[in-house]
Amino acid sequence: MNKNIKIFDSFKTNSAGIWYFVPEGEFKKGKPCKGFGQIKYGEGSVYSGEIYYDGKNFEKLGYGQQDFTLSTLSSCGAVSSDVLYKYVGKFDYRKTDWIYGNGIMYYKGADGNPTHFRKAFFSGLSVIGEYKGEFKEPLLDGYTPEMEFFCDWKNMNAESVIKRVCEMYTNADNADVLFLGDSYFELAEAQDYAGVNKFSACFPESYANAGIGGSTFSDWGNYLPRLKVLPQFKKIVVNLGFNDLHSNRNDVSTFEHYIEFLKLTKKIFPEAQIYVIKTVHAPNFGELKELEDRFNKTLENSAEQFGVKVVDWNGLIAESSESCFHCDGVHPNEYGYGIFREFLKSFL
């Protein structure tokens with residue numbers, strides 16, 4: 001065994017965090033270096049591959065694989081019985097804390113047998129382009145070239161969410177609040193994150209939750225027209241921008257996409273009062289606070305012009321005596337969702 005290997009408590013307890021790290025040379029705390037290791041995430045997936053230690057955090061950078069076998073993200077939703085199995089390819093934490101680059105997304109059936117794969121250029125679980133360059137990667141055991149199938153996990157998940165919301169609310173007598181957003185809303189129904197503060201336990205049935213994990217303002221340009229069958233909600237709460245800023249690192253283009261999203265939302269739901277939540281400062285993206293602050297300031301300054309109300313719970317998070325974030329450093333934990341719940345209730 002490499003005597004320089006570092007094994008962490010999270011490995012011994014099978015909990016989220018860095019499990020082990022094998023540096024390329026001597027490891028010294030506080031000194032950046034490259035290496036190989038494993039990281040477990042709060043939703044259950046496990047990364048194995050190249051890791052960069054920046055002196056403080058262990059980040060995914062280079063080639064590796066993310067195994068979703070025991071992850072809550074493995075389900076492809078009601079439109080498919082297949083499950084997300086594994087991603088093999090490139091990672092770059094400087095672009096996103098998730099997947100970024102050429103890679104292959106593998107899927108299995110409910111019986112555990114290989115069904116199909118998709119090669120592409122990924123950002124997170126979304127395809128953002130075709131596979132760049134010549135494809136020479138060997139496929140995992142059980143997968144053959146003819147099993148390639150062009151599916152998109154995020155769109156499959158979006159299909160499932162939209163279908164559920166439309167089935168529940170198209171003919172609803174009461175349509176008070178519609179939550180439009182990303183994983184902060186979607187995981188508000190996940191026991192491992194929200195716990196006793198799940199939206200379905202905290203809000204009445206007249207509050208519809210259309211949270212789609214990983215979604216951006218641009219994505220909702222495709223999703224919103226599907227919601228035309230819904231009644232006119234009195235209030236709409238928007239929690240988007242987090243994924244935009246963390247993937248493109250550009251507050252100007254993100255604001256442009258926000259304006260287009262707002263125009264379409266107002267066209268479909270002209271009677272609703274729209275509340276826009278400022279981007280949250282999550283621990284895992286501390287280096288982007290200045291970018292987030294600029295975007296949030298632009299939201300605030302343009303609120304009157306676009307007839308929306310901009311609301312902010314970053315102050316409540318900062319004032320909290322306990323951590324509001326899940327061990328992934330990105331999403332709220334049960335305590336954080338408790339603060340989020342009270343924050344939402346304050347204006348709803």
Side-chain angles (χ1 to χ4, degrees), residues 175-188 199 202-203 207-221 223-224 227 232-283 285-286 288-320 324-325 330-332 336-348:
D176 292 327
V177 177
L178 174 62
F179 295 110
L180 295 180
D182 50 29
S183 57
Y184 269 54
F185 284 162
E186 182 175 26
L187 294 179
F199 277 16
C202 300
F203 298 113
Y207 286 37
N209 187 353
I212 298 175
S215 62
T216 64
F217 287 120
S218 295
D219 289 330
W220 281 91
Y223 304 155
L224 278 169
L227 301 181
Q232 287 295 312
F233 284 84
K234 298 173 184 176
K235 299 177 181 180
I236 293 177
V237 184
V238 178
N239 192 84
L240 290 167
F242 190 97
N243 295 309
D244 304 71
L245 291 174
H246 298 163
S247 60
N248 64 31
R249 307 293 172 105
N250 190 317
D251 57 307
V252 176
S253 63
T254 297
F255 184 69
E256 292 172 349
H257 294 150
Y258 160 72
I259 294 173
E260 293 304 314
F261 162 85
L262 213 53
K263 289 179 179 178
L264 184 56
T265 304
K266 285 176 170 289
K267 182 178 180 180
I268 296 174
F269 299 104
E271 300 175 18
Q273 171 63 63
I274 299 175
Y275 295 83
V276 179
I277 301 174
K278 288 184 178 180
T279 300
V280 166
H281 302 314
F285 291 99
L288 296 183
K289 186 176 183 301
E290 184 178 343
L291 174 70
E292 294 165 348
D293 282 342
R294 284 203 310 268
F295 178 70
N296 286 340
K297 190 64 175 178
T298 305
L299 287 180
E300 184 178 342
N301 291 340
S302 64
E304 185 175 353
Q305 176 186 353
F306 293 110
V308 302
K309 295 185 178 181
V310 174
V311 291
D312 185 10
W313 66 302
N314 279 299
L316 298 175
I317 295 173
E319 293 168 2
S320 173
C324 297
F325 290 90
V330 177
H331 303 95
Y337 269 113
I339 293 178
F340 196 31
R341 174 198 64 197
E342 294 307 308
F343 161 70
L344 294 171
K345 283 185 175 181
S346 70
F347 60 83
L348 293 179

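Atoms considered below: every heavy atom in the structure, side chains included; atoms not considered: hydrogens, waters and symmetry mates.
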Query - Derivation and outcome, side-chain contact (heavy atoms from CB on, under 4.5 Å), residues His246 and Leu288 - result: CA-CA 8 Å; His246 298 163; Leu288 296 183; 3.3 Å; yes
State whether the side chain of [X] and the backbone N or O of [Y] hold a donor-acceptor pair below 3.5 Å, judged by distance alone.
{"X": "Ser346", "Y": "Phe343", "result": "yes"}
{"X": "Thr298", "Y": "Arg294", "result": "yes"}
{"X": "Ser215", "Y": "Gly181", "result": "yes"}
{"X": "Glu186", "Y": "Gly213", "result": "yes"}
{"X": "Asn296", "Y": "Ile277", "result": "no"}
{"X": "Tyr337", "Y": "Tyr184", "result": "yes"}
{"X": "Glu271", "Y": "Lys235", "result": "no"}

Query raised in the report: Thinking salt bridges, do Lys289 and Asp293 make one under a 4.0 Å N-O criterion?
Result: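 Salt bridge present between Lys289 and Asp293.
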Query raised in the report: Between the side chains of Thr216 and His257, is a donor N or O closer than 3.5 angstrom to an acceptor N or O?
Result: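 No, no side-chain donor-acceptor contact under 3.5 Å.
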Requested in this report: Answer yes if the side chains of Asp251 and Thr254 hold a donor-acceptor pair under 3.5 Å, and no otherwise.
Outcome: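 Thr254 and Asp251 do not have a side-chain donor-acceptor pair below 3.5 Å.
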Validation row: [X], [Y] side chains within 4.5 angstrom (heavy atoms):
{"X": "Glu256", "Y": "Phe217", "answer": "no"}
{"X": "Val237", "Y": "Phe185", "answer": "yes"}
{"X": "Phe306", "Y": "Ile274", "answer": "no"}
{"X": "Leu180", "Y": "Leu227", "answer": "yes"}
{"X": "Asn314", "Y": "Val280", "answer": "yes"}
{"X": "Leu245", "Y": "Thr279", "answer": "yes"}
{"X": "Phe295", "Y": "Leu291", "answer": "no"}
{"X": "Phe325", "Y": "His331", "answer": "no"}

If you compare all heavy atoms of [X] against all heavy atoms of [Y], which two are closest, and at what distance to 0.1 Å?
{"X": "Asp244", "Y": "Ser218", "value": "OD2-N, 4.4 Å"}
{"X": "Val310", "Y": "Ala303", "value": "CG2-CB, 3.7 Å"}
{"X": "Pro332", "Y": "Gly336", "value": "CB-C, 4.1 Å"}

Query - Centroid-centroid distance, Phe199 to Tyr207, less than 6.0 Å - result: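 Centroid separation for Phe199 and Tyr207: 6.0 Å or greater.
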Query - Tyr258 and Phe255 aromatic centres sub-6.0 Å - result: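 That pair passes the under 6.0 Å test.
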Query - Atom NZ of Lys266: over 12 foreign heavy atoms under 6.0 Å - result: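 Enclosed: over 12 neighbouring heavy atoms sit under 6.0 Å from NZ of Lys266.
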Return the [atom1] to [atom2] distance between [X] and [Y], rounded to the nearest 0.5 Å.
{"X": "Lys278", "Y": "Lys297", "atom1": "NZ", "atom2": "NZ", "value": "6.5 Å"}
{"X": "Leu348", "Y": "Arg341", "atom1": "CG", "atom2": "CZ", "value": "13.5 Å"}
{"X": "Tyr275", "Y": "Ile236", "atom1": "OH", "atom2": "CD1", "value": "11.5 Å"}
{"X": "Leu224", "Y": "Leu264", "atom1": "CG", "atom2": "CG", "value": "4.5 Å"}

**Report entry** Test log, rule side-chain contact (heavy atoms from CB on, under 4.5 Å), inputs Val330 and Phe242
**Finding:** CA-CA 10 Å; Val330 177; Phe242 190 97; 3.8 Å; yes
Query raised in the report: With sequence neighbours excluded, what pairs up with Lys263 under the side-chain contact (heavy atoms from CB on, under 4.5 Å) test?
Result: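 Residues passing side-chain contact (heavy atoms from CB on, under 4.5 Å) with Lys263: Ile259, Glu260.
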